[in-house]
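Scroll down for the structure; my scribbles are underneath it.
Just so you know, these numbers use all the heavy atoms, side chains as well, and skip hydrogens, waters and symmetry mates. So that the names make sense, note that chain A is the first sequence line, chain B the second, and so on, each numbered from 1.
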Amino acid sequence: MAKKPNKLKARLPRGFLDRSADDIRATDEMIGRIRAVYEKYGFDPVETPAFEFTDCLGKFLPDTDRPNAGVFSVQDEDDQWMSLRYDLTAPLARHVSENINEIQLPYRTYRAGWVFRNEKPGPGRFRQFMQFDADTVGAPGVQADAEMCMMFADTMEALGIPRGQYVIRVNNRKVLDGVLDSIGLGGEENDERRLTVLRALDKFDKFGADGVRLLLGEGRRDESGDFTSGAKLTEEQIDPLIKFADFESILKGARYSNALDDLLGPYPLPFQEHPTTWSDPESVDSHTQAAWQDKIDSLSALVELPSSVSDCWNIENLSIFALLFDPNEKIIEGLNELAQIAALIESSGYSEAQIKIDPTVVRGLEYYTGPVYEAELLFDVTNEKGEVVQFGSVGGGGRYDGLVKRFTGRDVPATGFSMGVTRLMTALKNLGKLNSSDVVAPVLVTVMDGDVDALGRYQKMVQDLRSAGIRAEMYQGNWKKFGNQLKYADRRNCPVAIIQGSDERSVGELQIKDLIEGKRLSEEITDNITWRESRPAQITVKEADLVETVRGLLDDQAEDRRRQSEG
RNA sequence: GCAGACGUAGCUCAGUUGGUUAGAGCGUCGGAUUGUGGCUCCGAAGGUCGGUGGUUCGAAUCCACUCGUCUGUACCA
């Protein structure tokens, strides 16, 4: 006997998703809300295509062994490499550069689009996902960064995430760079190690202070036994970094019982001559105390805290912890910018519960040059299996002053951020915060006779309903199995079915069946004969009353749904 | 990329120390019911046991390789 031909296996590449009607409607809803916020802030849309020349995306030309590592790349007819965009920022920089003469700077713009990354997908991470970006191009001042943070916070709230359930964390690359300089990691020869250190710091949320300490030192072994080699810093370098990054727990006494003792204690600072304790000022010799006070005074003179900034913004604490290092110009400049951002945000009425200065934020290792910010969800997200998922950030951004200059040679400072629409939607969906759509399935006009005249009459009913603004359709399957028509209507959640056979037709009537009410009534009927013959929730009306009756039923059902959702 | 776990029907899974013709539930389709959704009952279809090679009289089962999925980790512009 001949082998049956192998069936083609239907399969989807991993990391890609088919989107359901509910998903699409929910995404549209989200995008609408985000867009409304951006528009209100005075931003205009712009759209760029999915493909760009690979070099314009800022990616080096693909190497021949693995041309698709990280990005999806193809070669055009003329052998030039093109790639699917992996974010919306690099294409924007290209667009601005190419149209720099027509664009009025500062250019305030937003856009939503699919981006593609050829890397291993994980929970809530896909190879195609949607981002929604906003950028201000040609604005050098921190006020532009501050505005981005505020708009970010407004967007989160517009999406229905209540205050306290999200936070926008703000940091400044200049502070981080200055800190790394001061522990001897400045200069080009340390580029690689700086990256390793920043990556390690970025994992603070995931692995905590102890894990980060390992990554800064020799390395860390994960639970599968795989080993990640570390930055191989010395204890003297690691200690202040950890304390700087973890300063909030230190202040709260959460991690170190004698926190401020530690601050002074175990590693030599230039001004520290004797080990001492800070928590008990009596035990500190006057010389050391004075040295510290000098340091703090001189730092306060350098970091101009605007008078309007209150303590809650962490600037002062951050400044004190910057003393762990020898504060250089970069640190001072970075702290000043953060202080100004805090002042601007505060005077606009935002609180620390919404936007927070946080030295552990590391983003965009490649191109960010100043303030960086990211949005994090603070509620637990559970997946389909009911497990709590580490969700991390749902969007972020920062200042990228060099990106346009790559093309134009002109200094065009810019700042902007990106919302991860797909990620956010996964979170909101799992949280049940997405109002599953209000779209009601269509009214079904059933088919009792299949001749052209009859079909014409059914189609006319459908058109009458549609003309009245009611979603409606005629059954398109095998009409001879009438039971299947109602089964179809039931599974589609059709609210109402219209039935007209020759009996009704001959007296100018039709049957209108309320499928929702009928389903409710059916719960009390166990016997099939009764169920079929009682024809629950079914009424007979004149043909002319079709539209009016259906509209009445739909209104009643909508009212019921509204009441139910209210409790 | 690295490490680990797992691949049996459309889905969720069972399958004994290697032993005849690989099973169940759900779902699908048909019928009981030519004009009424649910329930119930009867019946049917649906499998290269991920693939290739090997050990064996005999492999879903043991071995090797390979592909795929999942988890952790790396990368994440």
Any N/O donor-acceptor pair, A:K120 side-chain to B:U71 base, under 3.5 Å: yes
Sugar-phosphate, base or nothing in reach of A:Y488, heavy atoms under 4.0 Å: nothing
A:D358 with A:K356: basic N within carboxylate O range, under 4.0 Å: no
Sugar-phosphate only, base, or nothing, as touched by A:K481 at under 4.0 Å among non-hydrogen atoms: sugar-phosphate
Pair partner, B:U61 [Watson-Crick or wobble, under 3.5 Å]: none
Touch class at under 4.0 angstrom, heavy-atom based, for A:Q131 against every strand present: nothing
Base partner of B:G4, which must satisfy Watson-Crick or wobble distances under 3.5 Å: B:C70
With 3.5 Å as the limit, what N/O pairs link the protein to nucleotides 41-43 of chain B?
none

A:I499 vs A:R363, nearer the 5' end of RNA chain B by closest nucleotide: A:I499
Closest-nucleotide 5' rank along RNA chain B - winner of A:P13 and A:D87: A:P13
Heavy-atom donor-acceptor pair, A:K203 side-chain to B:U73 base, under 3.5 Å: no
Sugar-phosphate, base or nothing in reach of A:K513, heavy atoms under 4.0 Å: base
Rounded distance (Å) that lies between atom P of B:G4 and atom CZ of A:R221: 12 Å
Sugar-phosphate, base or nothing in reach of A:S502, heavy atoms under 4.0 Å: base
Distance below 4.0 Å between A:R14 side-chain N/O and B:U69 OP1 or OP2: yes
Contacting residues from residues 534-555 of chain A, given that a heavy atom lies under 4.0 angstrom of RNA chain B: A:R535, A:Q538
Polar side-chain contact A:E119-B:G1 base: donor and acceptor under 3.5 Å: no
OP1 or OP2 of B:C75 under 4.0 Å from side-chain N/O of A:R199: yes
Protein-nucleotide distance (A:K206, atom NZ; B:C76, atom P), rounded to Å: 12 Å
Sugar-phosphate, base or nothing in reach of A:Y400, heavy atoms under 4.0 Å: nothing
